[in-house]
Protein chains: 2
Amino acid sequence: MGVIRKTKTVEVLLNEFNKRAVAISAKNLIKQFQTSFNKTTIYRVLDKLEEDGVLHSFLGKDGLKWYAKCKGCSASEHNDLHPHFQCLNCGKVDCLSESVKLPEIPNRKIKVSQLLIQGTCDTCYL
Amino acid sequence: MGVIRKTKTVEVLLNEFNKRAVAISAKNLIKQFQTSFNKTTIYRVLDKLEEDGVLHSFLGKDGLKWYAKCKGCSASEHNDLHPHFQCLNCGKVDCLSESVKLPEIPNRKIKVSQLLIQGTCDTCYL
DNA sequence: AATATACTGCAACGTTGTTGCATTAACAAA
DNA sequence: TTTGTTAATGCAACAACGTTGCAGTATATT
């Protein structure tokens with residue numbers, strides 16, 4: 001379970017998430033590191049980092065998988081219930097710190113929820 | 001533009017959405033009607049019906065595209081801001097009528113939002 | 001240094017959805 | 001009803017994102 005060995009791929013990817021504060025899509029990472037790492041490896045490392053509670057994942061605009069650093073998650077518990085904002089212009093995704101109040105749903109048991117807000121970000125906002 | 005001609009495909013698909021009250025994925029429709037219609041046709045008809053404000057679409061669990069009947073939408077305006085609930089056990093998706101209160105986001109312009117709640121539905125809830 | 005096994009790269013594949021193009025069918029007008 | 005325009009369809013091929021199997025490599029442990 002989780003990341004066991006400290007490999008080059010893990011080091012480089014983690015560094016990337018630490019450097020940038022925003023979420024990054026698997027697609028972007030693959031493009032960025034295509035000369036260094038195979039896409040299969042990147043997918044697998046991201047999986048592991050998520051299992052480990054280091055990253056959390058969610059689906060963005062076109063069903064693409066995005067990852068961002070977790071704050072206060074562990075391998076046993078993922079509490080990534082914050083919403084995400086994706087800019088329809090530049091594609092950038094931010095984690096929002098505000099929590100969402102889920103509607104009341106009778107007779108159903110909620111396991112996870114995902115709120116994706118789309119619009120224009122501060123940089124692209126004219 | 002939207003749907004112009006009353007074809008067999010449009011008729012059958014619309015009938016399906018009227019018969020069942022839940023959301024249906026493109027994948028399911030293609031599987032269900034693979035003997036009658038080509039998948040390309042189904043994708044295109046769904047697109048048109050959405051443009052027309054008859055259906056609205058959203059992304060479910062694995063990035064799959066789901067469609068459901070709109071209430072009070074038109075070609076000019078889609079007000080499909082309600083959340084969806086997907087059962088992790090049987091895969092069924094329901095539209096929830098409750099509206100969601102979006103968090104305050106400074107310096108950004110919200111265009112659309114999508115809240116997907118996942119868990120166990122009433123039928124699968126033990 | 002030797003060993004066990006986690007990690008990697010490659011190639012091939014799977015699934016969902018899209019595109020181009022020739023053919024067919026819906027609708028309007030004569 | 002027949003004709004003509006053009007929207008809708010089916011087919012095949014493609015595109016994108018992601019997964020799988022397997023042989024070879026690197027990491028950590030002894």
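To find a chain, count down the sequence lines: A is the first, B the second, and so on, and within it residues start at 1.
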Report task. Answer yes or no: side-chain N or O of A/Lys39 and base N or O of C/dG9 forming a donor-acceptor pair under 3.5 Å. Result -> no
Query raised in the report: Can a side chain N or O of B/Thr7 be found less than 4.0 Å away from OP1 or OP2 on C/dA25?
Result: no
Query raised in the report: When you look at B/Glu16 and B/Gln32, which way does the side-chain hydrogen bond (donor to acceptor under 3.5 Å, both in side chains) test go after all the steps?
Result: CA-CA 10 Å; B/Glu16 196 62 23; B/Gln32 182 177 353; 3.0 Å; yes
Query raised in the report: Step by step, would you call B/Lys27 with B/Lys39 a side-chain contact (heavy atoms from CB on, under 4.5 Å)?
Result: CA-CA 9 Å; B/Lys27 181 185 175 182; B/Lys39 64 172 178 172; over 6 Å; no
Query raised in the report: So if you build clusters from Ile, Leu, Val, Met, Phe, Trp, Tyr with side-chain heavy-atom gaps below 4.5 Å, do B/Phe58 and B/Tyr43 land together?
Result: no
Requested in this report: Kindly say if B/Thr41 contacts the phosphate of D/dG10, meaning a side-chain N or O under 4.0 Å from OP1 or OP2.
Outcome: yes
Requested in this report: Tell me whether the OP1 or OP2 atom of D/dT20 has a side-chain N or O from A/Thr40 closer than 4.0 Å.
Outcome: no
Query raised in the report: Hey, is the side chain of A/Tyr43 poking within less than 4.0 Å of OP1 or OP2 on D/dT19, counting only N and O atoms?
Result: no
Query raised in the report: When you measure from the side chain of B/Arg5, which nucleotide among D/dT5, D/dT20, C/dA6 comes out closest?
Result: D/dT5
Report summary line: Here the distance between atom P of D/dA15 and atom NZ of A/Lys27, to the nearest Å, is 14 Å
**Report entry** B/Arg108 to A/Phe85 six-membered ring, cation-pi geometry met (6.0 Å, 45°)
**Finding:** yes
Query raised in the report: Taking N and O atoms by type only, does the side chain of A/Arg44 place a donor or acceptor under 3.5 Å from a partner on the base of C/dG9?
Result: yes
